[in-house]
**Student:** 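Handing you this structure, nothing more for now.
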Amino acid sequence: MPEFLPMSHELATIKLDCDTGVSIDELVPRESDPAALAAYYREFGFTRWYDETESVADNDAGNVQALPQVDTDYECVLDQKIFDQWVQRLRQSGSFAVDTETTSIDYMLAELVGISLCIEVGKACYIPLCHSYEDAPDQLDKAAVLAALKPILEDPEIGKIGQNIKYDAHIFIGEGIRMRGIAHDTMLASYVLNSTASRHNMDALARYYLDRETIHYEDIAGKGVKQKTFDQIDLEQASDYAAEDADVTLQLHRVLSAGLQQDEKLHQVYRDIEMPLVDVLLEIEQNGVLIDRAMLEMQGKEIAQQLSRIEQEIYQLSGEVFNLSSPKQIQSILYEKLELPVLRKTPKGQPSTAEDVLEELAAEYEIPALILEQRSLNKLMSTYIERLPQEINARTGRVHTSYQQAVASTGRLSSTSPNLQNIPVRTAEGRRIREAFVAPAGCKILALDYSQIELRIMAHLSADNSLLNAFAKGLDVHRATAAEVFGASLEQVSAEQRRAAKAINFGLIYGMSAFGLGKQLSIGRNEAQQYVDTYFERYPGVKRYMEETKQRARDQGYVETVFGRRLYLPDINARNANVRQYAERTAINAPMQGSAADIIKRAMITVHHWLGDNRDACKMIMQVHDELVFEVAESEVERCCDSIAELMTGAADLSVELEVDAGIGRNWNEAH
DNA sequence: GGGATCAGC
DNA sequence: CGCTGATCCCA
């Protein structure tokens with residue numbers, strides 16, 4: 001086992017120097033010599049477990065190089081001459097760190113307040129533009145400053161370095177500046193080096209990688225309802241804070257780059273996937289999605305009627321009115337008042353009222369079925385039908401989500417405010433929400449999704465003959481699995497058998513346990529174990545792959561995707577069996593989920609480049625893990641469909657072909 | 001702020 | 001059984 005695996009909580013008490021007998025101080029180079037840094041990272045890597053609350057000093061010295069503290073020279077630019085000098089230096093620089101200060105964390109609502117810049121570590125400036133508190137000093141003219149910076153920010157030859165630079169690029173778009181040369185993002189570098197870190201915000205990175213405590217926004221702006229927006233903050237405080245951000249970003253960039261240089265595969269993931277994706281996500285987010293407000297209103301009225309009918313019925317049957325949104329009250333009605341049998345308990349020991357439990361109770365009793373229906377309609381109502389219209393931007397008339405690029409440990413994106421990656425599709429009523437995701441007049445929605453991408457990746461990684469064969473022949477893979485496991489011919493497979501086989505296939509991707517499979521299929525543990533055993537007999541390559549993956553995880557402390565993205569598993573050698581098995585399931589799942597994420601990200605980048613200057617006719621508007629959604633001019637839609645499908649299938653060269661299903665419609669539902 | 005629940009892949 | 005985010009209740 002390598003010495004510097006990320007430590008699980010269980011192992012956290014073992015000091016790093018216990019293993020080597022060498023004092024930590026001797027291990028950490030104190031100079032900023034790149035060669036020393038390089039040697040250091042080669043030896044120790046960035047494998048420490050870190051989060052916001054942890055500082056290098058608090059822990060056991062850490063394996064991270066703290067750059068020597070440099071005397072800082074931060075200036076607030078209020079003078080035209082000084083500004084001109086900065087512009088001059090920026091023009092001549094190969095790259096620089098940039099950070100914007102604004103009035104909101106919402107990129108579509110935020111107003112630019114000031115800009116900070118740093119070309120050389122320790123020397124940074126803040127250019128205030130719109131501080132508007134009482135007696136605020138005169139500031140440089142915003143339009144003039146932006147006009148001077150625009151050619152520099154738009155010059156692809158001058159590299160821009162930022163912390164979550166997509167946000168700053170959004171802000172500049174709001175000012176009519178399309179940032180080019182987005183070269184580095186310290187948040188993404190940190191994410192590629194260790195995706196399991198809980199957060200990749202600047203404060204945490206500075207604390208961990210620079211052993212430096214930065215000024216916290218709350219300290220200068222206050223917190224809660226009284227929190228000031230940045231334009232209300234005193235220039236002196238604002239300058240220290242903002243200039244520091246740019247300076248720290250540049251310092252972080254140096255340290256993190258040195259780390260990435262030490263592993264060619266990780267460097268490629270960063271350079272060839274994550275960085276180019278920034279521009280793609282920027283575009284998708286700016287594009288936004290058109291939502292048919294009237295459609296949702298209509299659906300809302302229908303559902304409100306159904307809801308009140310169901311609620312009345314539930315109150316009648318249970319003999320009292322109570323809050324159906326409170327699991328606690330439902331629990332007391334069902335299990336105490338009406339004395340229904342308790343089939344399962346929540347982790348905290350409360351009788352569960354979860355979907356599958358109520359599903360089972362619904363066979364015998366009336367109320368559970370009604371509660372399920374109420375819950376599902378209520379969810380549609382509060383999360384989608386009522387919420388989505390509120391998310392429509394007043395200026396663009398569209399919904400602009402945020403894709404989080406440094407959140408999911410496996411390499412997936414996530415989507416927030418609103419989450420467009422969990423729009424209902426499973427049930428008929430839910431699916432109707434997608435009818436409200438529409439194309440404007442003259443356009444169509446084009447949706448393309450990878451077919452069985454994770455299973456194909458499993459076939460590729462495991463090189464199992466039967467599985468490779470099933471895909472090569474273009475078989476219905478769940479049916480093929482059923483035929484193998486139940487010893488039937490393809491034609492003989494029943495619907496029930498196919499359903500079970502599908503659950504097995506999903507189980508495999510999730511690092512299946514007999515317990516979990518049994519629960520999914522509502523069968524006993526032993527019967528489920530039988531299925532698993534038979535499966536592994538028929539697919540010995542898969543069995544071997546699973547064992548090898550777990551062993552590799554134990555040996556090296558991480559697993560990786562087809563493209564070399566890494567996921568650390570600090571708990572893989574834990575002594576607690578539950579903790580360890582959980583890590584083992586993640587070890588199985590992460591390479592498949594993560595490789596799929598890599599592949600669609602690569603596809604997004606090539607599609608983005610293919611679109612070139614044709615982005616008015618064909619706009620990428622959503623990504624849902626294995627699906628890309630576009631808004632396309634009617635005249636172009638067939639051509640785009642074929643070309644994009646080809647680019648998507650070509651995004652990886654696996655030992656099974658990738659397949660893409662495509663659909664075209666007036667709305668997202670029709671496009672499926 | 002944490003837990004329960006449920007929407008997606 | 002893997003990975004997420006939003007909403008709600010309740011302390």
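By convention in this document, chain letters (A, B, ...) are assigned in the order of the sequence lines, proteins followed by strands, and residues within each chain are numbered from 1. Keep in mind the model is a prediction, meaning the values are calculated, not measured.
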**Student:** What does A:Asn422 touch in the nucleic acid at a heavy-atom separation under 4.0 angstrom: a base, only the sugar-phosphate, or nothing?
**Tutor:**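 Base, at least one base heavy atom under 4.0 Å.
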
**Student:** Mind checking if A:Asn378 touches a base, just sugar-phosphate, or nothing, with heavy atoms under 4.0 Å?
**Tutor:**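 No contact.
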
**Student:** Show which side-chain atoms of residues 366-379 of chain A pair as donor or acceptor with protein atoms under 3.5 Å away, not counting sequence neighbours.
**Tutor:**
from	atom 1	to	atom 2	distance (Å)
A:Gln374	NE2	A:Glu311	OE2	3.1
A:Arg375	NH1	A:Thr353	O	2.7
A:Arg375	NH2	A:Thr353	O	3.1
A:Arg375	NH2	A:Thr353	OG1	2.7

**Student:** Does a side chain donor of either A:His672 or A:Glu627 reach within less than 3.5 Å of an acceptor in the other side chain?
**Tutor:**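 The criterion, which ignores hydrogens and geometry beyond distance, is satisfied for A:Glu627 and A:His672.
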
**Student:** Once you apply a heavy-atom cut-off of 4.0 Å, does A:Gln329 come out as touching a base, just sugar-phosphate, or nothing?
**Tutor:**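 Sugar-phosphate, backbone atoms only, no base.
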
**Student:** Given atom CG of A:Asn669 and atom P of B:dG8, what is their separation to the nearest angstrom?
**Tutor:**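 After rounding, the reported distance stands at 12 Å.
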
**Student:** Hey, does A:Tyr582 reach any base, or is it just sugar-phosphate, or nothing, if we go heavy atoms under 4.0 Å?
**Tutor:**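 A:Tyr582: backbone/sugar contact only, no base atoms under 4.0 Å.
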
**Student:** Would you say A:Thr353 reaches B:dA4's phosphate, i.e. side-chain N/O to OP1/OP2 under 4.0 Å?
**Tutor:**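 No, because none of the side-chain N or O atoms of A:Thr353 sits under 4.0 Å from OP1 or OP2 of B:dA4.
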
**Student:** If you look at every strand shown and take non-hydrogen atoms under 4.0 Å, does A:Phe515 touch a base, only sugar-phosphate, or nothing?
**Tutor:**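 The answer is sugar-phosphate, as A:Phe515 gets under 4.0 Å only of primed atoms, P, OP1 or OP2.
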
**Student:** Between A:Ser417 and A:Thr410, name the one whose nearest nucleotide on DNA chain C is closer to the 5' end.
**Tutor:**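 That would be A:Thr410.
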
**Student:** Just call it for A:Gly511: base, sugar-phosphate, or nothing, with non-hydrogen atoms closer than 4.0 Å on any strand.
**Tutor:**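 Counting heavy atoms under 4.0 Å across all strands, no contact is made by A:Gly511.
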
**Student:** Among A:Ile664, A:Asn287, A:Ile284, A:Leu448, which residue meets the side-chain contact (heavy atoms from CB on, under 4.5 Å) test with A:Phe630?
**Tutor:**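 Of all the options given, the one that passes is A:Leu448.
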
**Student:** Just call it for A:Glu355: base, sugar-phosphate, or nothing, with non-hydrogen atoms closer than 4.0 Å on any strand.
**Tutor:**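 It contacts sugar-phosphate atoms only.
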
**Student:** Reading DNA chain C in the 5' to 3' direction, which nucleotide is the first one with an atom under 4.0 Å from a heavy atom of chain A, and which is the last?
**Tutor:**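 First and last nucleotides in contact are C:dC1 to C:dA11.
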
**Student:** State whether the side chain of A:Thr606 and the backbone N or O of A:Ala603 hold a donor-acceptor pair below 3.5 Å, judged by distance alone.
**Tutor:**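 Here the side-chain-to-backbone pair exists.
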
**Student:** Need one value for A:Arg412: base, sugar-phosphate or nothing, where a base atom within 4.0 Å counts as base even if backbone is also close, heavy atoms only.
**Tutor:**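 Base: the residue A:Arg412, judged by heavy atoms under 4.0 Å, touches a nucleobase.
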
**Student:** Could you please name the option among B:dC9, B:dG8, B:dG3 that lies closest to any side-chain atom of A:Lys348?
**Tutor:**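 The answer is B:dG3, which lies nearest to the side chain.
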
**Student:** I'd like to know if the side chain of A:Arg309 pairs up with that of A:Gln306 as donor and acceptor (distance under 3.5 Å, no hydrogens or angles considered).
**Tutor:**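 Looking only at side-chain atoms, A:Gln306 and A:Arg309 do not form any donor-acceptor pair under 3.5 Å.
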
**Student:** What is the nucleic acid contact for A:Ile423, judged by heavy atoms within less than 4.0 Å: base, sugar-phosphate only, or nothing?
**Tutor:**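 Sugar-phosphate: the residue A:Ile423, judged by heavy atoms under 4.0 Å, touches backbone atoms but no base.
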
**Student:** Regarding A:Ala503, tell me which of base, sugar-phosphate or nothing describes its non-hydrogen contacts under 4.0 Å with the strands shown.
**Tutor:**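 Contact class for A:Ala503: base.
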
**Student:** Calculate the interatomic distance between A:Ile599 atom CD1 and B:dC9 atom P; express it in whole Å.
**Tutor:**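 Answer to the nearest Å: 18 Å.
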
**Student:** Should the ring pair A:Tyr539 and A:Tyr535 be called parallel, tilted or perpendicular, given that the plane angle runs from 0 to 90° and is split at 30 and 60?
**Tutor:**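 Aromatic pair A:Tyr539/A:Tyr535 classed parallel.
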
**Student:** In terms of side-chain heavy atoms of A:Arg434, which of B:dA7, B:dG3, B:dG8 is nearest?
**Tutor:**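 Of the candidates, B:dG8 comes closest.
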
**Student:** Using whole Å, report how far OH of A:Tyr510 lies from C1' of B:dC9.
**Tutor:**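 Nearest whole value for this atom pair: 7 Å.
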
**Student:** Does the plane of the ring in A:Tyr191 sit parallel, tilted or perpendicular to the ring in A:His200? Use 30° and 60° as the thresholds.
**Tutor:**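 Taking A:His200 first and then A:Tyr191, their aromatic rings stand perpendicular (interplane angle over 60°).
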
**Student:** Specify the separation, in whole Å, of atom CD1 of A:Ile600 and atom P of B:dG8.
**Tutor:**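 The answer, rounded to whole Å, is 18 Å.
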
**Student:** Taking all atoms of both residues into account, what is the closest heavy-atom pair of A:Tyr384 and A:Asn422, and its distance?
**Tutor:**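 Taking every non-hydrogen atom into account, OH-O, 2.6 Å.
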
**Student:** Tell me: CG of A:Asn419 to C1' of B:dT5, nearest whole Å?
**Tutor:**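 Atom CG in A:Asn419 sits about 15 Å away from atom C1' in B:dT5.
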
**Student:** Could you give the NZ-to-P distance, from A:Lys328 to B:dA4, as a whole number of Å?
**Tutor:**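 Spelled out: NZ on A:Lys328 to P on B:dA4 is 13 Å.
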
**Student:** With sugar-phosphate meaning primed atoms plus P, OP1 and OP2, does A:Ser513 contact a base, only sugar-phosphate, or nothing at under 4.0 Å between heavy atoms?
**Tutor:**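 It contacts base atoms.
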
